[in-house]
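Counting convention: from 1, in listed order, for ligands and their atoms alike.
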Amino acid sequence: MSTTTTPPPKKVNRLGLEVLSYKGSKTTLCAGCGHNAISERIVEAFYDLGVESHKVAKFSGIGCSSKSPAYFLGLSHGFNAVHGRMPAIATGAILANRTLMGLGVTGDGDTASIGLGQFMHLVRRNMPMIYIIEDNGVYGLTKGQFSATADLGSRLKTGAPNDLPPFDCCALALKWGATFVARSFSGDKKQLQAILKAAIAHNGLSVIDVVSPCVTFNDHEGSTKSYSYMKDHEEILHELDFVPFFEDIQVEIPEGEAMDVRMHDGSHLRIRKLHRDFDPTNRLAALAALEEAEARSEVLTGVLYVNTQKPTFVELLNMADEPLATLPQSQVRPAKAVLDEVMEELR
Ligand SMILES: Cc1ncc(C[n+]2csc(CCOP(=O)(O)OP(=O)(O)O)c2C)c(N)n1
Ligand code: SF4
Ligand SMILES: [Mg+2]
């Protein structure tokens with residue numbers, strides 16, 4: 001007698017899609033590169049939340065990190081910009097079509113060296129997008145020169161020390177106006193997943209600085225961006241749980257035990273304190289915590305700041321709800337009388 005076995009049902013998300021729909025092409029980065037782990041977390045976060053791929057636009061500059069959008073969300077839009085110029089491209093695209101979810105992936109060189117000016121203006125404008133800095137302290141793609149986030153005294157493989165102080169991209173983002181600022185580590189799967197999900201739910205600029213070791217050029221003894229340095233110096237601020245808007249919050253939390261931040265789309269970010277009191281809605285406290293951690297040679301990870309109230313650049317400019325390219329000529333072309341008036345003013 002023959003028996004037929006039915007295959008187990010395929011695992012799908014709330015859109016009925018398998019995780020495969022959220023993957024990209026096969027990575028060409030080095031095995032063990034932190035950037036590969038971040039790509040995996042991006043795939044999981046977008047799959048778990050059931051984000052529609054065609055509503056996502058990926059942006060990057062130049063670098064190993066900036067190559068990585070090819071390795072996730074293969075069905076989304078993508079634009080690989082010039083080195084350090086991704087913020088301008090992303091700003092234009094999101095202003096032209098506010099229905100897109102912007103996802104920028106960049107490196108510490110792309111952001112803090114050549115692209116610092118562009119990054120600052122993106123932050124100042126609170127552009128509604130996710131901005132992930134894959135931070136390895138070096139220019140991986142051009143063979144491991146120090147970037148502007150390399151710590152003072154950190155050493156190259158040759159033993160040469162870095163004698164300039166670093167830019168802390170989280171501190172810059174806090175100072176200049178980002179409304180969601182977090183630091184994580186590519187090796188911390190659970191924390192990075194929760195941070196990415198909260199960033200997807202956030203309406204405003206989410207700057208996520210992820211320490212992401214470069215195994216080829218900056219993972220040796222003496223480097224402060226190596227796996228072993230992070231193992232010894234990471235100071236985790238709190239435990240994070242993300243409850244998406246389409247799931248019921250079943251567990252009531254006793255007063256004082258955790259902080260519940262309601263995100264723009266109705267999701268909740270639950271922040272449980274670990275060793276210390278830390279209020280991620282207090283910007284000055286976040287800046288102070290970063291300064292104190294730096295003095296102790298610790299790397300603070302977690303959500304440093306979240307502000308759900310500040311208007312975004314798209315809201316400030318009162319952009320049309322529809323993509324500009326779909327507006328009829330009658331709405332985008334000024335009437336002759338208006339043009340005549342302008343010409344009159346120029347006389
Ligand atoms: C205008 C310009 N200047 C310099 C370069 C050379 N270059 C390519 S990638 C890169 C740095 C990449 O470092 P990072 O952004 O940290 O990315 P990683 O490779 O470390 O992920 C540099 C300097 C370039 N491509 N274009
Ligand atoms: S060179 Fe470094 S940053 Fe680039 S892929 Fe290899 S490990 Fe990653
Ligand atoms: Mg780098």
- prompt: If we only count N/O pairs under 3.5 Å, is Arg85 in contact with ligand 1?
  reply: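 The answer is no, given that Arg85 and ligand 1 share no N or O pair closer than 3.5 Å.
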
task: Kindly confirm or rule out an N or O of Ile114 lying under 3.5 angstrom from an N or O of ligand 1.
output: no

query: Any side-chain donor-acceptor pair under 3.5 Å between Asn80 and Ser60?
result: yes

Check: Ser21/Tyr47 side-chain N/O donor and acceptor closer than 3.5 Å: no

task: May I ask you to decide if the ring planes of His202 and Phe180 are parallel, tilted or perpendicular, using 30° and 60° as cut-offs?
output: tilted

Atom [atom1] of [X]: over 12 foreign heavy atoms under 6.0 Å:
X	atom1	answer
Glu221	CD	no
Lys190	NZ	yes
Gln331	CD	yes

Quick test: of every protein heavy atom, which one is nearest to [atom], and how far off is it to 0.1 Å?
atom	answer
atom 4 (Fe) of ligand 2	Cys64 SG, 2.4 Å
atom 13 (O) of ligand 1	Tyr139 CA, 3.3 Å
atom 16 (O) of ligand 1	Gly109 N, 2.8 Å
atom 21 (O) of ligand 1	Ser65 OG, 2.7 Å
atom 8 (Fe) of ligand 2	Cys33 SG, 2.4 Å
atom 7 (S) of ligand 2	Val215 N, 3.4 Å

Enumerated ligand 1 atoms positioned under 4.0 Å from heavy atoms of [X]:
X	result
Val138	16 (O), 20 (O)
Asp110	14 (P), 15 (O)
His35	21 (O)
Gly140	18 (P), 19 (O), 20 (O)

May I ask you to list the atoms of ligand 2 that are less than 4.0 angstrom from any heavy atom of [X]?
X	answer
Phe217	1 (S)
His35	3 (S)
Leu29	5 (S)
Thr216	6 (Fe), 7 (S)

message: Under 4.0 Å, heavy-atom basis, I'd like to know which part of Thr111 is in contact with ligand 1: side chain, backbone, both or neither.
response: neither

- request: Give the contacting part of Cys64 toward ligand 1: side chain, backbone, both or neither, where contact means a heavy-atom distance below 4.0 Å.
  value: both

- prompt: Looking only at heavy atoms, is any part of Asn136 under 4.0 Å from ligand 2, and if so is it the side chain, the backbone, or both, or is it neither?
  reply: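 It is the side chain that touches ligand 2; the backbone stays farther off.
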
Residue from Val303, Val306, Asn307 passing side chain to side chain contact (heavy atoms under 4.5 Å, CB included) with Val261: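 Among the candidates, only Val306 passes.
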
Under 3.5 Å: donor-acceptor pair, side chain of [X], backbone of [Y]:
X	Y	value
Ser65	Gly107	yes
Arg125	Val123	no
Asn162	Ala150	yes

field: Closest to atom 12 (C) of ligand 1 (judged by heavy-atom distance), picking from Ile62, Thr142, Asn218
entry: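 Answer by nearest heavy atom: Ile62.
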
task: Between Lys67, His83, Lys143, flag the one that comes closest to atom 3 (N) of ligand 1 by a heavy atom.
output: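 Heavy atom nearest to atom 3 (N) of ligand 1 belongs to His83.
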
query: Passes side chain to side chain contact (heavy atoms under 4.5 Å, CB included), Val211 versus Glu234? Steps please.
result: CA-CA 10 Å; Val211 179; Glu234 184 181 8; over 6 Å; no

message: Under a 4.0 Å threshold between the charged nitrogen and the carboxylate oxygen, would Lys175 count as salt-bridged to Asp168?
response: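 Answer for the salt bridge query: no.
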
- prompt: atom 2 (Fe) of ligand 2 to Cys214: any N/O/S contact under 2.8 Å?
  reply: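 Yes, within the cut-off.
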
- prompt: Any link between Leu274 and Leu300 through a network of hydrophobic side chains (Ile, Leu, Val, Met, Phe, Trp, Tyr) touching at under 4.5 Å?
  reply: no

message: Any heavy-atom pair between the side chains of Leu290 and Leu174 that's under 4.5 Å?
response: yes

message: At less than 2.8 Å, would any N/O/S atom of Cys30, backbone or side chain, sit next to atom 6 (Fe) of ligand 2?
response: yes

